[in-house]
Structure formats: structure tokens, C-alpha cells
Student: 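First the structure, then my questions, so here it is.
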Amino acid sequence: ESVGATSWLPVNGRYHTWGFYWDPEAMDGSNDDAWYSTDVRVFAGDYFGSLGIELLAGRSPLDVDLEVEPVVWVNQTVAEQNEDPVGQQIWLAGGTRRIVGVVEPIPHSARGDLSPKSYVPHAQYADNRNWALIQTVRTEGGLPDLRERIRQELAAMDGALVLYRPRALQEVLTEVRAQDRFATLLMGGFAGLALLLSLVGTYGVLSGTVAGRLREIGIRMALGADAGRVRRMVLAYAASLTLPGLLLGLLGAWAAGRWVEALLFGVRATDPVAYGVVVAIFVAVGLFSGWLPAERATRVDTARTLAAE
């Protein structure tokens, strides 16, 4: 469907970060406040179409005559620094270039980080620079079907050319996300283990405390207390231990959450859903830890319990 090339693929880091000057009223570079930073991408062909990068304003590279004047495309992050950027001139890549289009911002990391980007045509910036361009192809079929046809085309142009590491864009995204995915799984595993140990500890403490009150429970039932009242008493005691612990745990999680904020993507460190789920789990375990021993305690033989004492 479309073919292009670029000096650096998205989500692979910033790279090629250069300065550019933008002041339509003083193009001589005298305004120190008009110097900015941008990530430069040298491209060729229908690179935007091959990667599905949307053109927001201006003209497509396929509709621009590169022989007329030096041109450049910028992303929306750069365009926001000046109203109506299309048609204006900036100093970039060793000379003055006219902005002919604005494209959507594309992340330079797997976490969705955005930065100002400028796209310079390779035909206008090849000269003595040996740019290693990555070819980009958009096709209806899959990569296995296209791979052999690309090899045939390369062999027809030059027998010394080889197809180096052909990959689908999804594979590129998977590779750059591997480190974050591993860190997430590792942290999730430790968090799950910590949760399990906390639940086991909570159950052990509450059930042990209730078991230590068997004599008291036996005396209460011998004096006429019904089983339901005893269960409510034990559950109230379990709640008095669980709820303060939950409050302290939430405060500790809120404070520690700021440390891991940089590792999170798509969710906040103070995500209410995650906090709500954890609270519900601990409340359920706390009540169960009190109810099960209380249920057992109300079934004991009061006479045998008192005789043992």
C-alpha cells in the first residue's frame, strides 16, 4: 500500500536531538528565546503513510516538489509553539526550511512519552552524510508473504543487497516493551507474594487470638449467651484489629506509591480501583478469620471447656 524510510523508528528512544530556531520576525538567529530542541528524523517516500502517521495540516510529502526549496514537517508538539506554523520558516539541519505540514505526535518510548519532532526529507539532506535508513512497508498481507518478494526486488536492483532483519512493527513494539514487561511481572509477583503472606499472617493472628478466648466463650455460653451473639462479638473484635491495620496500610501505600510513579503507565500510583480491591480482600479475610474460629468455638462443649480449666 505504501513504502517509505526513516533514520530512526518510533518507540526506540529520542536520538538525533538537535536545536532549531523559530522566530518569523527575526530569522537571523538573534532572539535567544526562539531556540528550541527537536528530535530530527530523516525520511523518504511515503513514510507517514507506511506507519499510519496522520497528517493534521499542510501537504503530504508525496504532494511536495522537493526541488523547489528546503522543507520540513513537524509534529503537533512543535506546532503548538507557534500559531499557524504551516508556511513559516525555521532554521534546522544547517539551513532555513519551510514548514509544509504538521503530523500527529508519535511516542519515542514504550511508555508513550512524547517530544518535539521534525522530519527532514532525505533527498534534501543526504549530501555527504551516510544515513542508514530503515525501510518501512505497509501491506495488506503478512510479512512472510512479502519477504520473498522484497528479496526478489532487491536482487533485481543489486545482487549484493540483502534483506536485513525484516520485522513486523508489532515485533518492534514487543522488543522495546520487554524490559518494562519483565519489571512489571517481577513487581507483580513480589506484590502477590507480599499479599499472600499478609493474608496468611492476618488469618493466623486473628484465629489464634480467638482460639485463646475459648475459656471466655465457654463461660459466656454457660451463662446463657447464644451462639449468634458470641459470633458478633468475635467479628467485632476481628474488625477492631483489621480496620486500623487497613488504614495504616493505605497510608503506607500512598506514601510509597510516589516512588514507583515513574514505573507506571496507564495507571496512577493512587489508583482507586486497586486500593478498593485490596481493601475488599483484607476485609473479607479479616471477617473470615474471625468468623471461622468463632463458629468452631460456639460448637464446643462448655462443660468440658470449664472442666479443663
Student: If we only count heavy atoms from C-beta on, is the Arg149 to Arg151 side-chain gap below 4.5 Å?
Tutor: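 A side-chain contact under 4.5 Å is absent here.
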Student: As an exercise, state the distance from CD of Gln76 to NZ of Lys117, rounded to the nearest 0.5 Å.
Tutor: 13.0 Å
Student: Determine whether Ile99 and Ile106 fall in the same hydrophobic cluster, where Ile, Leu, Val, Met, Phe, Trp and Tyr are linked whenever their side-chain heavy atoms lie under 4.5 Å apart.
Tutor: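 No: no chain of side-chain contacts under 4.5 Å links Ile99 to Ile106.
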Student: Taking atom OG1 of Thr139 and atom CG of Leu146, what is their separation to the nearest 0.5 Å?
Tutor: 5.0 Å
Student: Please check this pair: side chain of Ser240 against backbone of Tyr237, looking for a donor-acceptor N/O pair closer than 3.5 Å.
Tutor: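 Indeed, once roles are kept as given, a pair shorter than 3.5 Å links the two residues.
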Student: Go through Arg59 and Val64 one step at a time and tell me if the side chain to side chain contact (heavy atoms under 4.5 Å, CB included) criterion holds.
Tutor: CA-CA 7 Å; Arg59 292 176 291 168; Val64 175; 4.0 Å; yes
Student: According to a 4.5 Å side-chain heavy-atom criterion applied to Ile, Leu, Val, Met, Phe, Trp and Tyr, with indirect links allowed, do Val285 and Leu250 form part of one hydrophobic cluster?
Tutor: yes
Student: Show the nearest heavy-atom pair for residues Ala44 and Leu133, with the distance to one decimal.
Tutor: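 Of all heavy-atom pairs spanning Ala44 and Leu133, the closest is CB-CD1, 4.4 Å.
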Student: So Tyr275 and Trp254, ring pair (Phe, Tyr, Trp, His ring centres under 6.0 Å) or not? Walk me through it.
Tutor: CA-CA 9 Å; Tyr275 279 55; Trp254 177 81; 9.5 Å; no
Student: Would Thr136 and Ser50 count as a side chain to side chain donor-acceptor pair (under 3.5 Å) if you check the C-alpha gap in whole Å, the side-chain angles of each, and the deciding distance to 0.1 Å?
Tutor: CA-CA 6 Å; Thr136 57; Ser50 61; 2.7 Å; yes
Student: Find the distance between OH (Tyr36) and CG (Leu92) and round it off to the nearest 0.5 Å.
Tutor: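 So the gap between those two atoms works out to 14.0 Å.
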Student: Measure across Phe282 and Leu246 and return the closest heavy-atom pair with its distance rounded to 0.1 Å.
Tutor: CB-CD2, 3.4 Å
Student: Should we count CD of Glu1 as having more than 12 external heavy atoms under 6.0 Å?
Tutor: yes
Student: Verify side chain to side chain contact (heavy atoms under 4.5 Å, CB included) between Val3 and Asp46, making sure each step is shown before the conclusion.
Tutor: CA-CA 6 Å; Val3 178; Asp46 189 15; over 6 Å; no
Student: Please report the closest heavy-atom contact between Ser37 and Arg14, naming both atoms and the distance.
Tutor: OG-NH2, 4.3 Å
Student: Give the ring-plane orientation class for Tyr47 versus Tyr119, where under 30° counts as parallel, over 60° as perpendicular and anything between as tilted.
Tutor: tilted
Student: Has the side chain of Asn75 got a donor or acceptor atom that lies under 3.5 Å from a matching backbone atom of Val78?
Tutor: yes
Student: Applying side-chain contact (heavy atoms from CB on, under 4.5 Å), name anything that partners Ala57, two or more places apart in sequence or on another chain.
Tutor: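 So Ala57 forms a side-chain contact (heavy atoms from CB on, under 4.5 Å) with Val86, Val102.
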Student: Tell me, with the steps shown, if Thr174 and Arg181 meet side chain to side chain contact (heavy atoms under 4.5 Å, CB included).
Tutor: CA-CA 9 Å; Thr174 301; Arg181 183 180 294 108; 4.1 Å; yes
Student: Would the distance check show the side chain of Thr17 and the main-chain N or O of Thr38 forming a donor-acceptor pair, the cut-off being under 3.5 Å?
Tutor: no
Student: Indicate the atoms forming the closest heavy-atom contact of Trp18 with Ala93, along with that distance.
Tutor: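 Here Trp18 and Ala93 meet closest at CZ3-CB, 4.2 Å.
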Student: Report yes or no: does Asp63 contribute a side-chain atom to a donor-acceptor pair with the main-chain N or O of Pro61 at less than 3.5 Å?
Tutor: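 No, the answer is negative, given that no donor and acceptor are paired below the 3.5 Å cut-off.
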Student: Rounded at 0.5 Å granularity, tell me how far CZ in Arg41 sits from NE2 in His108.
Tutor: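 Here the rounded value is 9.0 Å.
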Student: Decide yes or no for Val40 and Val120: does some side-chain heavy atom of the first lie under 4.5 Å from some side-chain heavy atom of the second?
Tutor: yes
Student: Could you tell me the separation between the OG1 atom of Thr6 and the CG atom of Leu51, rounded to the nearest 0.5 Å?
Tutor: 8.0 Å
Student: Counting only heavy atoms not in Arg229 (residues, nucleotides, ligands), do more than 12 fall under 6.0 Å from its CZ?
Tutor: no
Student: Does one hydrophobic cluster hold both Tyr203 and Leu193, with members joined at side-chain heavy-atom distances below 4.5 Å?
Tutor: no
Student: Would you call Glu69 and Arg97 a salt bridge, using N to O less than 4.0 angstrom?
Tutor: no
Student: Cluster question for you: counting only ILVMFWY and a side-chain heavy-atom cut-off of under 4.5 Å, with indirect links fine, are Trp73 and Ile90 together?
Tutor: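 In one cluster with Trp73: Ile90, no.
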Student: So, do Pro121 and Phe43 sit near enough that their side-chain heavy atoms are less than 4.5 Å apart?
Tutor: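 Of all side-chain heavy-atom pairs linking Phe43 with Pro121, at least one is under 4.5 Å.
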Student: Could you tell me which non-hydrogen atom of Gln124 sits nearest to which non-hydrogen atom of Pro70, and how far apart they are?
Tutor: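 So the minimum-distance heavy-atom pair works out to OE1-CA, 3.2 Å.
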Student: Is there a continuous path of hydrophobic side-chain contacts, each under 4.5 Å between heavy atoms, that joins Tyr15 to Val42?
Tutor: no
Student: In Å and rounded to the nearest 0.5 Å, what is the CD to CG distance from Gln170 to Leu173?
Tutor: 5.0 Å
Student: Would you please test Val103 and Glu54 for side chain to side chain contact (heavy atoms under 4.5 Å, CB included) and show each step?
Tutor: CA-CA 6 Å; Val103 299; Glu54 182 181 358; over 6 Å; no
Student: I need the minimum non-hydrogen distance between Gln88 and Pro24, along with the two atoms involved.
Tutor: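 Residues Gln88 and Pro24, closest heavy atoms: OE1-CG, 3.1 Å.
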Student: Any sub-3.5 Å donor-acceptor pair from Tyr21's side-chain atoms to Asn31's backbone N or O?
Tutor: yes
